[in-house]
Amino acid sequence: MAEELVFYTNPMSRGRIARWMLEEIGQPYRTEYLDYGTTMKSPEYLSVNPMGKVPAIKHGDTVVTEGAAICAYLAETFPDVGLAPTAAERGRYFRWMFFTAGPLEAAVTIRALGFEIPPERQRMAGCGSIQSVLDTIEYAVSSSPFIAGDRFTAADVYVGSHIGWGLNFGTIEKRQAFIDYWARVTDRDAYRRGNEIDNAAMPKKENS
């Protein structure tokens, strides 16, 4: 019997990244929806992720947290879907996935919180400046059709999600390279399915 795959998430979270990836691999999975401040901080869930954050997956006895790690794990665990990198793609695949998880997310979050890293302190921060980070990721998405080369991989799920999120919420500049890349990576049935599932799970707004 195949090991059960459980997905812990909230539709208003980075869990949308993992949802997209789960839809890409096409394996059956069970979703556990968690609420901020309550079930996400419950003893039961803290035994899965002591950070009390989502997303997380549990595959049999294996627990994986962090969006980039989930994407990489699922791509390698289910290789038949072809989303793990080839030997030639590995360098770009891991480079840009970890760049996004590190400098890009850090720089975008720092700015969104209303802070700016002083120029004389940028050497202390791994992300440097927001401008250099955006210039760098623009270079990455402009160098080839997809982040690791000529074909879609799990790295595009992760990098693309961050770029799309930033474009949608105004935390990333609307550069044409970003807009074009986001359009390329989301032209997929798995993305559309995942988006529909999470949109349907969003809290319903009460009529005023």
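Model, not experiment: these values are computed from the prediction.
- Interatomic distance, CG of L167 versus NE2 of H162, reported as 13.0 Å (0.5 Å rounding).
- Hydrophobic clustering (side-chain heavy atoms under 4.5 Å, transitive across Ile, Leu, Val, Met, Phe, Trp, Tyr) groups Y73 together with F98.
- Here the closest heavy-atom approach between residue C127 and residue I110 is recorded as SG-CD1, 4.0 Å.
- Under the 4.5 Å side-chain heavy-atom criterion for grouping Ile, Leu, Val, Met, Phe, Trp and Tyr, I17 is connected to L22 within one hydrophobic cluster.
- Listed for the S42 side chain is a donor-acceptor partner under 3.5 Å among the backbone atoms of T39.
- When all heavy atoms are compared, the tightest approach of M51 to K41 is O-NZ, 3.2 Å.
- In the hydrophobic clustering of ILVMFWY residues, with side-chain heavy atoms under 4.5 Å counting as a link, Y36 and L34 come out together.
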Before you tell me yes or no, could you show the steps for W96 and F146 under ring-ring contact (aromatic ring centres under 6.0 Å, His included), namely the whole-Å CA-CA distance, both residues' side-chain angles and the distance that decides it to 0.1 Å?
CA-CA 11 Å; W96 298 120; F146 298 100; over 10 Å; no
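- Atom CZ in R111 sits 10.5 Å away from atom CD1 in I117 (nearest 0.5 Å).
- Taking every heavy atom of both residues into account, F7 and G15 meet most closely at CZ-O, 3.2 Å.
- The side-chain heavy atoms of V108 and W165, taken from C-beta on, include no pair separated by under 4.5 Å.
- At a cut-off of 3.5 Å, with distance as the only test, a side-chain donor of S144 or R92 sits close to an acceptor on the other residue.
- Using a 30° and 60° split on the angle between ring planes, Y45 and Y8 fall in the tilted class, from 30° to 60°.
- Pairing each heavy atom of V141 with each of A177, the nearest pair is CG2-O, 3.9 Å.
- Distance check: D189 CG to E24 CD gives 9.0 Å after rounding to the nearest 0.5 Å.
- A 6.0 Å sphere centred on CD of E44 holds no more than 12 heavy atoms belonging to other residues, nucleotides or ligands.
- Crowding of R151 atom CZ: a count of heavy atoms from other residues, nucleotides or ligands under 6.0 Å exceeding 12.
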Kindly determine whether V185 and I163 satisfy side-chain contact (heavy atoms from CB on, under 4.5 Å), including the steps that lead there.
CA-CA 11 Å; V185 300; I163 289 176; over 6 Å; no
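- E32 has its side chain within reach of V6: a pair of non-hydrogen atoms, C-beta onward, lies under 4.5 Å apart.
- The main-chain N or O of K53 is found under 3.5 Å from a side-chain atom of N49 such that the two form a donor-acceptor pair.
- The two atoms that bring P28 and L5 nearest to each other are O-CB, 3.8 Å, heavy atoms only.
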Derivation and outcome, side-chain contact (heavy atoms from CB on, under 4.5 Å), residues R19 and I197
CA-CA 9 Å; R19 171 81 71 189; I197 293 169; 3.5 Å; yes
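- Cluster membership check: V63 does not share its hydrophobic cluster with Y29, using side-chain heavy-atom separations under 4.5 Å among Ile, Leu, Val, Met, Phe, Trp and Tyr.
- With values rounded to the nearest 0.5 angstrom, F99 atom CZ is found 5.5 Å from I137 atom CD1.
- Residues R188 and E23 are not paired through a salt bridge, judged by the lack of any N-O separation under 4.0 Å between the basic side chain and the carboxylate.
- In this structure, E105 pairs ionically with R14, as a charged nitrogen and a carboxylate oxygen lie closer than 4.0 Å.
- Using a 4.5 Å cut-off between side-chain heavy atoms of Ile, Leu, Val, Met, Phe, Trp and Tyr, with links allowed through other members, F178 and Y139 fall into the same hydrophobic cluster.
- Annotation for S129 and Q122: closest pair CB-NE2, 3.5 Å, computed over non-hydrogen atoms.
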For side-chain contact (heavy atoms from CB on, under 4.5 Å), just list the numbers for M21 and L83, CA-CA rounded to whole Å, side-chain angles, deciding distance to a tenth of an Å, and then say yes or no.
CA-CA 9 Å; M21 188 64 198; L83 296 182; 3.8 Å; yes
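- Relative orientation of the W182 and W20 rings is perpendicular, given thresholds of 30° and 60° on the angle between their planes.
- Here the side chains of D156 and T153 are in contact, with some heavy-atom distance below 4.5 Å.
- Remark: I57 CD1 to T31 OG1 distance equals 12.0 Å, nearest 0.5 Å.
- No more than 12 heavy atoms of other residues, nucleotides or ligands shown are found within 6.0 angstrom of CE on M124.
- Atom CG of L104 and atom CE of M97 lie 13.0 Å apart (nearest 0.5 Å).
- By the 4.5 Å heavy-atom criterion applied to side chains, D135 and R175 are counted as neighbours.
- Just one of D198, N195, N10, T9 meets the side chain to side chain donor-acceptor pair (under 3.5 Å) condition when paired with R16; it is N195.
- By the 4.5 Å heavy-atom criterion applied to side chains, K58 and R30 are not counted as neighbours.
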Stepwise side-chain contact (heavy atoms from CB on, under 4.5 Å) check, R192 with D187
CA-CA 8 Å; R192 288 184 278 269; D187 187 20; 3.3 Å; yes
